[in-house]
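Here the structure is a predicted model, which is why all the values come from computation and not from measurement.
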Amino acid sequence: MAVSSSAPRAMPRPFLLPLLLAASAVLARGAHAQLSAGFYSASCPTVHGAVRQVMSQAVMNDTRTGAAILRLFFHDCFVNGCDASLLLDDTATTPGEKSSGPNAGGSTFGFDVIDNIKTQVEAACPGTVSCADILALAARDSVNLLGGPSWAVPLGRRDATAPDPDGARTLPGPDLDLAALVSAFAAKGLTPRDLAALSGAHTVGMARCVQFRTHVYCDANVSPAFASQQRQLCPASGGDASLAPLDPLTPNEFDNGYYRNLMTGAGLLRSDQELFNNGQVDSLVRLYSANPAAFSADFAASMINLGNVSPLTASSGEIRLDCRKVNS
């Protein structure tokens, strides 16, 4: 059930965060009993260390990698659930999701990092850990390595045996209004609170000019000073691929700066600023902007909720040996 923005949760204290995350993990296991944080404790106990090692090096080499992996997880889970279908390459007979909808044009990257993790995990535990679970763990570590929270990731997903390029074309876009965003999240069993918390992932990463041009040139709810600054990076025509940070103040830190930006009319995307535009999640934006611990707790809980969207378990799907192609 959606939580009304008029009655936000009590602000959690920092020392309560581990308890809140543990409770969230228990609830997630109750809703999806086949997923468990200890799923690989016997069959592949080294998987967590392998994922962390590769992600640490990747983020050290390029902090944008953390945001890229997080984006892959979002875009995978929003199309038929968290099943690694996004990771499948196009083939001569089957188009994939990588070149479909918002994923097209190189807007998603980081696939090579997942490949590197998979190679290490396969060497230690052949045919055991799914690409879907690797992506879920990598997304968690991406957040944590950039300064954000950590959480126990429920595991036990299996991999899709086919992509869904048509589904990828329905991913929530940067020009949606709040009603459309709430509806898109509700279709996945996610609440407005999940929407508000998960949108905080935009505290890291970049967006292309074509994604925010309309907002900074046409919308009335954007700060004039911020709009003017962004127009220097994004001309009225041309320059579609020019990049701007989603959070210009702390672009490489996973913090609550995104929400502070929204309160000053400095959300880069229309869909960002819609979260603070006299709507039902305004109070959550105020909460998260003032209380980093509240944001961290809610973000971690909502990531668990997102990871529980329609997972393949038991005998469904497969354990892919190569994340880019189905098993032969």
What is the distance from atom CG of Leu137 to atom NE2 of His48, rounded to the nearest 0.5 Å?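 With rounding to 0.5 Å, CG (Leu137) is 5.5 Å from NE2 (His48).
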
Can you measure from SG (Cys234) to CD (Gln229) and round to the nearest 0.5 angstrom?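 The CD atom of Gln229 is 12.5 Å from SG of Cys234, to the nearest 0.5 Å.
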
If we only count heavy atoms from C-beta on, is the [X] to [Y] side-chain gap below 4.5 Å?
X	Y	answer
Tyr40	Ser43	yes
Leu155	Arg157	yes
Leu70	Met303	yes
Leu171	Phe74	no
Asn261	Pro248	yes
Leu145	Arg52	yes
Val54	Val113	yes
Pro95	Pro165	yes

Can you check side-chain contact (heavy atoms from CB on, under 4.5 Å) on Arg208 and Asp240, steps first, answer last? CA-CA 6 Å; Arg208 293 177 296 163; Asp240 286 359; over 6 Å; no

Ser223: which residues meet the side chain to side chain contact (heavy atoms under 4.5 Å, CB included) condition with it, sequence neighbours left out?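 Testing Ser223 for side chain to side chain contact (heavy atoms under 4.5 Å, CB included), a comparison that skips the adjacent residues, returns Ala225, Phe226.
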
Partner set under side chain to side chain contact (heavy atoms under 4.5 Å, CB included) for Ser142, not counting sequence neighbours: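 Met55, Ile69.
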
Exercise: do [X] and [Y] side chains pair donor with acceptor under 3.5 Å:
X	Y	value
Asp247	Thr250	yes
Ser85	Asp164	no
Asn144	Ser150	no
Asn256	Arg260	yes

What about [X] and [Y], same hydrophobic cluster or not, with Ile/Leu/Val/Met/Phe/Trp/Tyr joined at side-chain heavy-atom distances under 4.5 Å?
X	Y	answer
Val143	Ile304	yes
Leu268	Leu146	no
Phe78	Leu135	yes
Val216	Leu275	no
Phe212	Tyr259	no

Between [X] and [Y] (side chain of the first, backbone of the second, donor and acceptor by atom type, cut-off under 3.5 Å), is there such a pair?
X	Y	result
Arg320	Thr161	no
Ser183	Ala179	no
Arg64	Gly205	no
Gln34	Gly156	no
Ser41	Gly38	yes
Asp194	Thr191	yes
Asp282	Asn277	yes
Asp159	Ala84	no
Arg324	Asp89	no
Ser289	Arg286	yes

One thing to verify: whether Asp177 and Arg270 come together as a salt bridge, which I'm taking to mean a side-chain N less than 4.0 angstrom from a carboxylate O.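 Asp177 and Arg270: not salt-bridged.
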
Between the side chains of Asp298 and Arg193, is the shortest nitrogen-to-carboxylate-oxygen separation below 4.0 Å, so that they form an ion pair?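 Yes, Arg193 and Asp298 are salt-bridged.
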
Only one of Val281, Val182, Asn221, Leu176 passes side chain to side chain contact (heavy atoms under 4.5 Å, CB included) with Glu274; say which it is.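 With Glu274 as partner, side chain to side chain contact (heavy atoms under 4.5 Å, CB included) holds for just one option, Asn221.
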
With side-chain contact (heavy atoms from CB on, under 4.5 Å) as the criterion, how do Val222 and Gln273 come out once you've worked through the C-alpha distance, each side chain's angles and the decisive distance to 0.1 Å? CA-CA 8 Å; Val222 60; Gln273 197 58 55; 5.8 Å; no

Relative to the ring of Phe295, is the ring of Tyr288 parallel (under 30°), tilted (30 to 60°) or perpendicular (over 60°)?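 The arrangement is tilted - the two ring planes meet at 30° to 60°.
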
Does the cation-pi check pass for Arg231 over Tyr217, that is, NZ or CZ under 6.0 Å from the six-membered ring centre and within 45° of its axis?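 Yes, Arg231 and Tyr217 form such a contact.
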
Name the residue from His75, Arg169, Glu97 that meets the side-chain hydrogen bond (donor to acceptor under 3.5 Å, both in side chains) definition with Asn103.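 Output: one option passes, namely His75.
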
Do Thr203 and Leu246 pass the side-chain contact (heavy atoms from CB on, under 4.5 Å) test, and can you show the C-alpha distance, the side-chain angles, and the key distance before you say yes or no? CA-CA 6 Å; Thr203 189; Leu246 288 159; over 6 Å; no

